[in-house]
Amino acid sequence: MRISFHHAKSRSAFLFSIVFVVIALHLIVNAHAAPPQSATENPILAATPPMGWNSWDSYSRTVNEDSIKSNARWMAKHLKSFGWEYIVVDEGWYLSNLAADGNDDHVRSELDSSGRYVPVTARFPSAGKDRTFKPLGDYLHSLGLKFGIHIIRGIPKQAVEQNLPIAGSAFHAADAADTSDLCPWNTYNYGLDPAKPAAQAYYDSIAQQYASWGVDLIKIDCISDHPYKGEEIRMISEAIGKSGRPMVLSLSPGPTSPDKRDEVSKYSQMWRISDDVWDVWYSDKNFPTGVKNQFAHAAQWAGVAKPGHWPDADMLPLGSLRPAAGWEASHDTRLTHDEQRTLLTLWCIFSSPLIMGGNLTQSDAWTTVLLSNPEILAVDQHSIGNHPVITSDNVIVWLSRPESGGDSYIAVFNVSESRQNIHYGWKDLGLADGKYKLRDLWQRKNLGAASTLDVALEPHASVLFRAALLP
């Protein structure tokens with residue numbers, strides 16, 4: 001074929017022009033595009049205290065798919081718009097023969113071929129033949145909610161007895177376990193030996209499994225007190241980091257020692273400050289912990305909370321604790337209305353995670369209103385400088401302030417057994433002298449100007465104000 005030199009030259013020039021224009025456009029577009037997001041620019045995980053629901057207080061080990069989905073639907077309809085979003089499947093989702101009474105002498109668990117817990121299909125039918133929580137996770141995500149699960153630290157004893165292989169490694173379960181280490185109040189698992197590489201491999205394998213299920217929060221038990229297991233906290237945190245999926249790490253139970261503050265804050269997003277809180281006003285035992293007991297625990301952790309890291313005052317034992325309460329016989333909460341408000345007021349002025357324990361599907365009007373007051377929830381989610389300013393035998397006062405502006409939040413508590421007429425000058429609370437415009441956040445009502453703080457409270461009652469200094 002003969003080609004004219006002049007024609008070939010013109011064609012080459014035309015092609016060169018097209019290439020030049022494409023390159024120029026590429027450079028212009030990229031010059032205006034945002035630079036790639038660095039690791040330090042990633043959104044903070046749990047930037048505000050997590051809010052959600054946990055199955056333990058109402059269902060204990062009897063939890064099943066129907067109960068999870070029904071509570072999730074109720075949350076999506078009634079609470080999601082107020083910030084409630086986590087649905088946490090607590091202990092028992094992998095237990096095939098353990099009743100709510102907690103008899104674990106002959107417990108049997110459902111495991112996969114790599115020694116990892118999987119849901120019992122008789123109670124979670126969507127898990128199917130693959131025995132996966134992904135369909136449940138997908139369902140919760142379709143409602144605009146997030147999916148959490150509870151585990152016990154360590155490795156299942158059944159996996160060690162069968163010496164099952166650890167997924168993604170050359171190790172087996174016996175290579176990872178410390179068979180001398182059992183949780184003193186839950187014996188499903190052996191501990192993991194941090195000195196053994198197989199231990200990290202096992203935590204890596206379960207984190208990968210949970211990531212594949214779409215899990216958003218892992219509550220790990222028997223790790224932050226009785227006993228405290230700092231190395232295992234580090235290992236599960238590192239495993240989550242390797243999984244490629246952001247998952248909130250919640251440490252349980254408490255009381256986490258305040259001298260572990262830096263370690264738990266480094267590796268987790270929330271950690272318990274007490275043993276389990278139940279629906280009692282005061283307890284002279286570690287378990288159960290009462291509402292009044294939490295004032296001393298919260299004071300130890302005042303000022304520690306920050307985005308991504310939250311001391312956790314435990315679940316809210318409110319509403320209906322049915323059909324299978326995690327402690328004692330099933331019942332409606334024994335806390336009075338005043339005590340329920342005091343519990344939620346303390347949790348919010350402290351900026352604790354808010355995890356509802358009562359059966360949402362049986363919530364009455366009082367409980368629904370209690371959980372959906374946007375002005376109260378704003379104190380929990382968007383306040384700083386949270387600390388007690390008055391602590392006496394009868395009266396406790398906490399202060400915090402909104403994230404922006406010069407206002408203050410003032411929580412006043414009567415922790416005594418008699419009515420209290422409470423009077424303080426503003427300087428007594430560390431505030432500037434003057435007149436303050438007060439708003440009662442529970443009543444959602446403006447109260448006018450006040451030169452001093454004066455309030456009368458019945459036993460165990462409280463009030464939460466927003467105060468604005470007048471010019």
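- In this structure the side chain of Arg466 reaches within 4.5 angstrom of the side chain of Pro402, judged on heavy atoms.
- Aromatic pair Phe350/Trp347: centroids not less than 6.0 angstrom apart.
- Not a single donor-acceptor pair under 3.5 Å links the side chain of Ser265 to the backbone N or O of Asp262.
- Scanning for disulfide (SG to SG under 2.5 Å) contacts around Cys348 gives an empty result, with sequence neighbours left out.
- Counting heavy atoms from C-beta on, the side chains of Leu453 and Trp426 come closer than 4.5 Å.
- Listed by chain and number, the residues in a side chain to side chain contact (heavy atoms under 4.5 Å, CB included) with Glu85 are Lys146 (sequence neighbours excluded).
- A distance below 6.0 Å separates the ring centres of Phe147 and Phe133.
- With sequence neighbours left out, the salt bridge (charged side-chain N to carboxylate O under 4.0 Å, His left out) criterion links Arg261 to no other residue.
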Decide yes or no on side chain to side chain donor-acceptor pair (under 3.5 Å) for Asn293 and Ser283, but give the supporting numbers first. CA-CA 7 Å; Asn293 303 91; Ser283 173; 5.2 Å; no

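- Formation of a donor-acceptor pair under 3.5 Å by the Thr345 side chain with backbone atoms of Ser462 is not found in this model.
- Every pair passing ring-ring contact (aromatic ring centres under 6.0 Å, His included) that includes a residue from residues 439-471 is listed here, sequence neighbours excluded: Trp281-His460.
- With sequence neighbours excluded, no residue satisfies ring pair (Phe, Tyr, Trp, His ring centres under 6.0 Å) with His331.
- The CG atom of Asp204 sits 13.0 Å away from atom CD of Gln209, with the distance rounded to the nearest 0.5 Å.
- In this structure, Lys157 forms no cation-pi arrangement with Tyr188, as its terminal cationic atom is not both closer than 6.0 Å to the ring centre and no more than 45° off the ring axis.
- Counting non-hydrogen atoms of other residues, nucleotides and ligands closer than 6.0 Å to NZ of Lys196 gives a total above 12.
- The salt bridge (charged side-chain N to carboxylate O under 4.0 Å, His left out) search around Asp178 returns none, not counting sequence neighbours.
- Checking Asn54, Asn64, Asn71 one by one against Tyr59, the side chain to side chain donor-acceptor pair (under 3.5 Å) holds for a single residue, Asn71.
- A side chain to side chain donor-acceptor pair (under 3.5 Å) with Tyr139 holds for exactly one of Lys69, Glu65, Arg73; it is Arg73.
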Evaluate the side chain to side chain donor-acceptor pair (under 3.5 Å) criterion for residues Glu328 and Trp278: first the C-alpha distance (whole Å), next the side-chain angles of each, then the deciding distance (0.1 Å), finally the verdict. CA-CA 10 Å; Glu328 295 195 338; Trp278 280 96; over 6 Å; no

